[in-house]
Engineer: 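One structure, pasted below without further comment.
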Amino acid sequence: MVWAAPARCINQNLSVMGEFDLIKRFFTRPTPNAVLGVGDDCALLQPSPGMQIAISSDMLVSGRHFFADVDPRSLGHKALAVNLSDLAACGASPVAFTLALALPEADAAWLEPFSQGLLALADVHGCELIGGDTTRGPLNIGITVFGDVPKGQALLRSGAEVGDDIYVSGTLGDASLALAHMLEERYGKDGVQTVAQDGAKASLPQLPVADLALARQRLEWPTPRVALGMALRGVATAAADISDGLLGDLGHILERSGVGATLETALAFRLLGAHHYSAQSAELLARPELRNTVLQHVLSGGDDYELVFTAAPAQRDAVQAAALASNTVVTRIGQINGEPGLRLLAAQGRILDHHFRSFDHFADSV
Ligand code: ADP
Ligand code: MG
């Protein structure tokens, strides 16, 4: 029910397409795995014997997590991808999801590509849309995903042990690099405040247009590392997905595990995908004056949705086998230590004085 009188229907689409038509048209599909899908007060899932249910929610807010005019197809993809990424971090297999949607208007021209982007990724992972809520309001997308994982095998943040290797999947930093460029394009240099704390504003690498487009793909079409997460069951000791930046998300593992870590910055530096886009980018990014900027994006840039995980050195072959089986590159970038805190190790064993920060929505309010 609503407390406020409904806003007058100025949009033609809304008068011809009400809330229930909208749900039926864009968000109701067969759900062969669920006991009951969209249409009742609750959906019903039947857990498989011996499995535990992994549950996670992530919300995307217009103007906060995406530009209001972003391609709706990519937004649909990303809204589910960021949730699947949480299942991946736990080593869970996707089963179903619900969608809570606040929309300023029922615009079929927007809803069509949005639902297509969303459901195409759902199909890739066999993750069924089983319910949700739809309301008028500022554009806001809340998804809850349900996955399953054999009892006791979920990857947790709390399992890292002293001596473990630290790995990340894929590449890091390109999403935040693309975002910094888009913010600069829209708002000028002052708009760039995502990861830049010092100097990065002035030295945003001016990559070739084609390479910037690749970096932007990473921001708008993230790939959740579901297969890798599942392959790491029984191999990784701890895992998290990187949504707010490597240092912050690894920091969560360290805190929950009661350990510290050393990262090798030379290895981290190479993780920026743009190094590998074109010879021109590789050459540009290798310039010493850009080193700090690159590191900042790799270490603190958000929105990559890669996995950071730990595993005992005895599992190095098993980690590579998991990477191969899931067709994902993984890179070893450091080690877990007993000494609390996170140290960045530069060349010749020098400890880098770092103040790279990860993204925190409420960082300014405390
Ligand atoms: P209720 O009033 O009981 O909360 P609603 O009338 O809001 O239920 O929704 C009717 C049905 O449509 C429910 O099964 C609900 O899960 C589903 N639903 C509502 N919005 C969405 C959505 N955006 N995507 C998928 N299913 C939805
Ligand atoms: Mg109800």
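All ligand and atom numbering here is 1-based and tracks the order in the structure. The structure presented is a predicted model; accordingly, all values stated were derived computationally and were not measured.
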Engineer: Ile23 versus ligand 1: do any nitrogen or oxygen atoms come within less than 3.5 Å of each other?
Structural biologist: no
Engineer: Check each heavy atom of Thr134 against ligand 1 and say whether those closer than 4.0 Å belong to the side chain, the backbone, both or neither.
Structural biologist: both
Engineer: For residues 109-118, tabulate all N or O donor-acceptor pairs below 3.5 Å that involve a side-chain atom, not counting sequence neighbours.
Structural biologist:
unit_1	atom_1	unit_2	atom_2	d
Glu112	OE2	Gln116	NE2	3.3
Ser115	OG	Leu111	O	3.1
Ser115	OG	Glu112	O	3.0
Gln116	OE1	Arg73	NH1	2.7
Gln116	OE1	Arg73	NH2	3.2

Engineer: State the atoms of ligand 1, each with its element, that fall below the 4.0 Å cut-off from a heavy-atom position in Asp133.
Structural biologist: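 Near Asp133, the atoms of ligand 1 are 7 (O), 19 (C), 20 (N), 21 (C), 23 (N).
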Engineer: Please say yes or no: joined through hydrophobic side-chain contacts below 4.5 Å, possibly via intermediate residues, are Leu204 and Leu212 part of one cluster?
Structural biologist: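 Yes, because Leu204 and Leu212 connect within a single hydrophobic cluster, where side-chain heavy atoms sit under 4.5 Å apart.
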Engineer: So, does Glu161 use its side chain to make a donor-acceptor pair with the main chain of Thr237 at under 3.5 Å?
Structural biologist: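 Not at all, since once roles are kept as given, no pair shorter than 3.5 Å links the two residues.
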Engineer: At under 4.0 Å between heavy atoms, which part of Asp40 makes contact with ligand 1: side chain, backbone, both or neither?
Structural biologist: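 Backbone only.
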Engineer: What about Gly37: any of its N or O atoms under 3.5 Å from an N or O on ligand 1?
Structural biologist: no
Engineer: Picking from Leu177, Leu179, Asp174, what satisfies side-chain contact (heavy atoms from CB on, under 4.5 Å) with His297?
Structural biologist: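 Single side-chain contact (heavy atoms from CB on, under 4.5 Å) partner of His297 among Leu177, Leu179, Asp174: Leu177.
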Engineer: Side-chain atoms of residues 261-274: list all donor-acceptor pairs with protein atoms under 3.5 Å, sequence neighbours left out, distances to 0.1 Å.
Structural biologist:
unit_1	atom_1	unit_2	atom_2	d
Thr262	OG1	Asn337	OD1	2.7
Thr265	OG1	Leu345	O	3.1

Engineer: Which ligand 1 atoms, with their elements, are less than 4.0 angstrom from a heavy-atom of Gly131?
Structural biologist: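 Listed by number with element, the hits are 16 (O), 24 (N), 25 (C), 26 (N), 27 (C).
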Engineer: May I ask you to list the atoms of ligand 1 that are less than 4.0 angstrom from any heavy atom of Asp41?
Structural biologist: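 So the answer, numbered in order with elements, is 3 (O).
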Engineer: Please determine whether any non-hydrogen atom of Phe20 lies less than 4.0 Å from an atom of ligand 1.
Structural biologist: yes
Engineer: Within the distance-only criterion (no hydrogens, no angle test), does the side chain of Lys78 pair as donor or acceptor with the backbone N or O of Leu219 below 3.5 angstrom?
Structural biologist: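 Here the side-chain-to-backbone pair exists.
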